[in-house]
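Here's the structure, in structure tokens; my notes come after.
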Amino acid sequence: GGGLAVVSVNEGLTVSIYNATLNGNKLKANAENASYGANVYIANSTCNFGANVVIQNGTRMDGNRNDALGGGVYMTASTLVVDGAGTIIEGNKATNGGGIYADTGSVLTIYNASISGNDVESGLGGGIYFNGEKLNVDKGAEIGKSDNGNKARLGAGVYIASGNVVVGNIDASGSGEATIGYNIASE
């Protein structure tokens, strides 16, 4: 990760982040190395993003490889809970998973947060590329805003390669609903 790497050799590491900004970090992919998680890289760990976490403008720099995954966050065999008012993952770019790329064995939960304005150009999953174990989107989550949607060839908001997905509305009155909208797919 260009900004933050949360890596545990043994399971059990938990990191919580509140009131923080990770902005403009870059990774360079080359013939020998792929780039994963320009702003945040999480492996074999648990990470919690609480209130007022901003992860933005992460990108891969020009290189000879086309496998930059997770412009904002890349996670593998990990748990990430994004739950906090004012938490935003936006303006990130990657080959796949502009906002978040959740790989094998990952559990991703998004509440009360916005994932918008991420771009994978001709790739998959502008907001989220999900190839993990379980994805939960609920309680005020917003994947794509009317003035700042995610962009991708397929799955502009969320691209699901595998795993279980739960999109719900915890508040029957409609005031706490999850929203996936205003995203642009080119195909």
Side-chain angles (χ1 to χ4, degrees), residues 1-6 17 20-27 35-43 47-50 52-60 67-76 78-103 106-132 134-161 163 165 167 178-186:
L4 172 67
V6 179
I17 302 169
T21 299
L22 292 156
N23 183 15
N25 292 291
K26 297 179 176 168
L27 285 179
S35 60
Y36 302 122
N39 274 316
V40 181
Y41 176 89
I42 307 166
C47 194
N48 301 301
F49 294 165
N52 301 310
V53 175
V54 178
I55 298 173
Q56 62 188 10
N57 302 320
T59 187
R60 82 183 272 273
D67 56 1
L69 307 176
V73 177
Y74 174 86
M75 59 186 291
T76 183
S78 297
T79 298
L80 173 61
V81 177
V82 181
D83 183 6
T87 296
I88 301 166
I89 298 174
E90 71 177 4
N92 299 289
K93 295 181 181 179
T95 304
N96 291 311
I100 299 173
Y101 189 103
D103 213 345
S106 293
V107 176
L108 174 59
T109 301
I110 303 166
Y111 300 141
N112 300 313
S114 174
I115 299 174
S116 296
N118 299 290
D119 189 350
V120 295
E121 298 177 19
S122 61
L124 308 172
I128 300 169
Y129 181 103
F130 191 77
N131 187 36
K134 187 171 185 182
L135 170 62
N136 300 298
V137 180
D138 211 337
K139 291 193 318 189
E142 186 176 40
I143 314 276
K145 295 195 250 183
S146 62
D147 63 340
N148 194 20
N150 297 294
K151 297 177 185 171
R153 181 174 58 86
L154 293 172
V158 180
Y159 181 86
I160 301 162
V165 178
V167 178
T179 305
I180 299 176
Y182 304 105
N183 300 292
I184 303 167
S186 62

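The minimum heavy-atom distance linking Gly127 with Ile115 is given by the pair O-CG2, 3.7 Å. Of all heavy-atom pairs between Gly123 and Ala152, the closest is O-CB, 3.7 Å. Gly97 and Ala94 get closest at one heavy-atom pair: O-CB, 4.0 Å. Ile42 and Val73 get closest at one heavy-atom pair: CD1-CG1, 4.0 Å. Residues Val54 and Gly86 share a closest heavy-atom pair of CG2-O, 4.4 Å. The nearest pair of heavy atoms linking Arg153 to Leu124 is NH2-CD2, 3.5 Å.
Between the Asn118 side chain and the Asn150 main chain, no donor and acceptor come within less than 3.5 Å of each other. With Thr76 contributing its side chain and Ala43 its backbone, the two residues share no donor-acceptor pair below 3.5 Å. For Ser78 (side chain) and Met75 (main-chain N/O), no donor-acceptor pair under 3.5 Å exists by modelled atom type.
In this structure, the side chains of Leu69 and Tyr129 stay at 4.5 Å or more apart for every pair of heavy atoms. A heavy-atom distance below 4.5 Å is not found between the side chains of Val167 and Val158. Under the 4.5 Å side-chain criterion, counting only non-hydrogen atoms from C-beta, Phe49 is in contact with Ile55.
The side-chain contact (heavy atoms from CB on, under 4.5 Å) test with Leu22 is passed by exactly one of Asn92, Val40, Val53: Val40. Here the rule is side-chain contact (heavy atoms from CB on, under 4.5 Å) with Leu80, and of Leu108, Val107, Ile110 only Leu108 fits it. Of the residues listed (Thr79, Asp83, Val81), the one engaging Asn48 in a side-chain contact (heavy atoms from CB on, under 4.5 Å) is Val81, and it is the only one.
For the atom pair CG (Leu135) and CD1 (Ile128), the distance works out to 5.5 Å, reported to the nearest 0.5 Å. Interatomic distance, Tyr111 OH to Asp138 CG, rounded to the nearest 0.5 Å: 6.0 Å.
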